[in-house]
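Right, one structure below, let's go through it.
We use all heavy atoms of the structure for the numbers below, so side chains are in, but hydrogens, waters and symmetry mates are not.
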Amino acid sequence: MPRYLKISMWSLFGLTATLALCIVVIANYDWNRTKPWLNARVTEATGRPFAIQGDLSIQWRRSDAAESSWRRWAPWPHLRAQNIEFGNPDWVKAAPHMAEVKSVTFSLNPFALLGKKIIVRNLQLEEPLLFLERTKGGKKNWTLKSGAPSEWQFEIKKIGFSKGKVHLVDAIKRADLRMSVDSLDDSGANGHALGWKISGTLDKEAVKGGGKAGAILSLQQQSTPYPVEADVRIGKTVVAFKGTLTNPRSLGALDVRLKLAGVSMAKLYALTGIPFPETPAFATEGHLIGKISRHNSEWKYQEFSGRVGSSDLSGTFEYQIKQPRPHLKGVLVANVLKLQDLAPLIGADSRKSKANRGTAVVQPADKVLPVEPFKTERWTSIDADVKFTGRRIVRDKQLPIENLVTDLHLQDGVLSLQPLNFGIAGGNLISTIVLDGRGKLIKAQMKISARRLKIKQLAQKFQSMQAGLGEVNGDASLSATGNSVAAMLASSNGEIKAFISGGTVSKLMLEKIGLNIDSIILTQMSGDRQVKLNCMASDFSVTNGLMQTRTFVIDTDDAILDITGQIDLAREKLALTVKPDTKTLRLISLRAPFYVTGSFKYPKVKVDKGVLALKAGAAVALAVAAPVLMAVIPLVNLGPDRESDCAKLLSDVRKKPVAPPPGKIYRAKLKSEPVNRDRK
């Protein structure tokens, strides 16, 4: 045999023997000896304690991968490690480990290592446990030690697990949630392979529910929609959705049918971060589309519909995550809006409604103005632009409100309604309201304009006013501070003006106000008729919640009514005096001032008994000392000795009211000193 051939044969034999020896050594090597080295390297790289507490072994088997040429015959290493622990940073006290796994098994592509790639073909986890925590300061236990970018690439082709558990503690969201995940017995039905259950608390509300998802393997298939399904209850709020997640590896797009229901939309804040107002019980269903990226995410709740209280509601919301705050844009429409369903927005709903939505604020039994505070601490979490339209309002006859349109804007903690337009009594009540919620107390500015409100619709409760003609116009400008409607009105400053330039009123009503006995009898016998209303002018100054009359005159062809006094918005008290004067002869008139007193909730009307007693006493005295005719003289009213200057009154009232900046007391010029109020 030639020498070169011998050398080649011996070289091949030596190489084969060496390879065989290496395989025998590797196959029989106790890999547990490498655990200290592996533990140290992972600990050093992550900055966290890492330990394989159980057995570490490698088996060599042919791969099930579709490899070409001779590689399909080459053995692949199949590694198995038991009882793995990955520690938490020192500041975490709730759990010693961030992750624990009872057993990890995976196969490794040995040929990819030559190109600095770690490709795990099949990763199987048995009973993985994961603990995640975020503090109020924003520290996260899943943030690992950062180092220089690695030249190595890492990829998992297939993953599976059984009996996984996740525990999340988030101080910012006030969440303490536990989730269990496991494979389904009916794997493959509707594309679902995994089932999960969740329990715990979120923002002090109990959480319970579950859902289904696709196989973990499909996470790698970017072109295949990943099925998701959930039904979760958070306190009294129910969230349910069913749909798909496209490009799940990067959370590219979510497309689901979303159902929401609960006792108040304000309860959605813990889940969405959107400061919805307090509402009655609600239920909506719509199409939710989410486009998620690292720097910008957009969500659309499209063409949803449902009910809020007894009102219908439909529309579209667009939510965009951006800096410095997320932005919400929306259009809402209620074809039929029950006025009572708006009451929770300002805390004016009933005690039963408050108890149902879980508020601890109790409205005092003797108060009308709502005392429930607004949640201003939420206003800085988002910016918003929402247009709301209530096309037809269902209300009581005493409140002739017909429709509602408003544009709501929230910018850096400042909430504005510009405009807030009510169609009322055949006219419009147009308001501009700005509430600055950036401080401890809301600073409020309100401008209100009433235009062409029909008298007969405003006074539907009074039958005698149904034939009346005329339109009420007015303006108000107020500033205030406080965190509730009651607190703001109690501290309000500014002016309120209203006028009627012409119309008619009931003659019978005027005679009853003047206690003109003969005219009341004659009018009832002949029938009521309309008397010309020359003008009505009212002008109130508002100082620290005390409304003081500067002018309040009602002038008709038959009579003049002068109204003076105060309305105390802080204590909800009335103190008005009405002085009627007739313009024509009245034979039997008990005309006397009468007083409107009491509270907003229980008003009282009483006639001046002193004047009545004087008139009655004079009549009795003359009846004893003189003929019967003389007894009637004290009851005869010859009419007033003056006429109202309607032109001047209307000119003064038409001047636009003004209000000082919020927080400053407006020093109004009053006709008389205001009453001394006990502010306790």
From CA spacing to verdict: side-chain contact (heavy atoms from CB on, under 4.5 Å), Tyr301, Leu258: CA-CA 8 Å; Tyr301 192 28; Leu258 175 64; 4.0 Å; yes

Given the rule in the salt bridge (charged side-chain N to carboxylate O under 4.0 Å, His left out) test, do Arg134 and Asp170 qualify, once you have shown the distances and angles that lead to the verdict? CA-CA 5 Å; Arg134 181 170 64 167; Asp170 190 338; 2.6 Å; yes

side-chain contact (heavy atoms from CB on, under 4.5 Å) evaluation trace for Lys656 with Lys497: CA-CA 8 Å; Lys656 288 292 184 181; Lys497 301 181 179 184; over 6 Å; no

Assess the residue pair Val228 and His192 against the criterion (side-chain contact (heavy atoms from CB on, under 4.5 Å)); give the C-alpha distance rounded to whole Å, side-chain angles, the decisive distance to 0.1 Å, and a yes or no. CA-CA 8 Å; Val228 291; His192 298 134; over 6 Å; no

Chi angles and distances behind the side-chain contact (heavy atoms from CB on, under 4.5 Å) call for Val207, Leu177: CA-CA 8 Å; Val207 177; Leu177 302 171; 3.9 Å; yes

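Listed by first then second residue, pairs satisfying ring pair (Phe, Tyr, Trp, His ring centres under 6.0 Å) with a partner in residues 269-293 read Phe276-Phe317, not counting sequence neighbours.
Within the 3.5 Å criterion, the main-chain N or O of Ala570 finds a donor-acceptor partner in the side chain of Asp568.
Rounding to the nearest 0.5 angstrom, the gap separating the NZ atom in Lys387 from the CG atom in Leu332 is 11.0 Å. Distance check: Tyr602 OH to Glu572 CD gives 11.5 Å after rounding to the nearest 0.5 Å. Note that the CG atom of Asn335 and the OG1 atom of Thr389 stand 10.0 Å from one another [nearest 0.5 Å]. A distance of 13.0 Å separates CD1 in Ile393 from NZ in Lys338, rounded to the nearest 0.5 Å. One distance of note links CZ of Arg438 with NZ of Lys443; it measures 8.5 Å at 0.5 Å rounding. A distance of 10.5 Å separates CG in Leu546 from CZ in Phe540, rounded to the nearest 0.5 Å.
Listed by chain and residue number, Glu285 satisfy the salt bridge (charged side-chain N to carboxylate O under 4.0 Å, His left out) test with Arg257 (two or more places apart in sequence, or in another chain). In this view, His327 satisfies the ring pair (Phe, Tyr, Trp, His ring centres under 6.0 Å) rule with no residue, not counting sequence neighbours. Taking Phe388 as the reference, nothing meets the ring pair (Phe, Tyr, Trp, His ring centres under 6.0 Å) condition, with sequence neighbours excluded. A search for side-chain hydrogen bond (donor to acceptor under 3.5 Å, both in side chains) contacts involving Thr359 returns nothing, not counting sequence neighbours. Taking the side-chain hydrogen bond (donor to acceptor under 3.5 Å, both in side chains) definition, one finds that Lys447 meets it with Ser477, sequence neighbours left out.
Between Leu453 and Glu471, every side-chain heavy-atom pair lies at or beyond the 4.5 Å cut-off. Between Glu205 and Lys267, some side-chain heavy-atom pair lies under the 4.5 Å cut-off. The shortest side-chain heavy-atom distance between Thr284 and Lys259 does not fall under the 4.5 Å cut-off. With contacts defined as side-chain heavy-atom distances shorter than 4.5 Å, the pair Glu495/Val658 qualifies. Counting heavy atoms from C-beta outward, Glu229 and Trp196 have side chains that stay 4.5 Å or more apart. Inter-residue side-chain proximity for Asp341 and Leu339 is flagged as unmet; no heavy-atom pair is nearer than 4.5 Å.
Under the 3.5 Å distance criterion, with hydrogens and angles disregarded, no donor-acceptor pair is assigned to the side chains of Ser297 and Tyr319. With 3.5 Å as the limit, one finds a donor-acceptor pair spanning the side chains of Asp475 and Ser449. Side-chain N/O atoms of Asn493 and Ser479 include no donor and acceptor closer than 3.5 Å.
Taking the charged nitrogens against the carboxylate oxygens, Asp412 and Arg325 do have a contact shorter than 4.0 Å, which makes a salt bridge. Using a 4.0 Å cut-off between charged side-chain N and carboxylate O, Glu372 and Arg357 make a salt bridge. A salt bridge between Lys375 and Glu278 is present, with a side-chain N of the basic residue lying under 4.0 Å from a carboxylate O of the acidic one. A salt bridge is absent between Lys329 and Glu318: the closest approach of a Lys/Arg side-chain nitrogen to an acidic carboxylate oxygen does not fall below 4.0 angstrom.
The two atoms that bring Ala476 and Ile496 nearest to each other are CB-CG1, 3.9 Å, heavy atoms only. Here the shortest heavy-atom pairing between Ala270 and Asp203 reads CB-CB, 3.4 Å. For the pair Leu410 and Pro275, the tightest heavy-atom approach, listed with the atom from each and the gap, is CD2-CG, 4.3 Å.
Environment of NZ in Lys208: sparse, with no more than 12 heavy atoms of neighbouring residues, nucleotides or ligands closer than 6.0 Å. Other residues, nucleotides and ligands contribute at most 12 non-hydrogen atoms within 6.0 Å of the CZ atom of Arg178. Heavy atoms from other residues, nucleotides or ligands lying under 6.0 Å from NZ of Lys367 number more than 12. Heavy atoms of other residues, nucleotides or ligands lying less than 6.0 angstrom from CD of Gln340 number 12 at most. Surrounding CZ of Arg392 are at most 12 heavy atoms belonging to other residues, nucleotides or ligands under 6.0 Å away.
Each of Leu337, Ile401, Asp349 was scored for a side chain to side chain contact (heavy atoms under 4.5 Å, CB included) with Leu342, with one residue passing: Leu337. Among Leu415, Thr376, Asp436, the single residue meeting the side chain to side chain contact (heavy atoms under 4.5 Å, CB included) criterion with Ile442 is Thr376.
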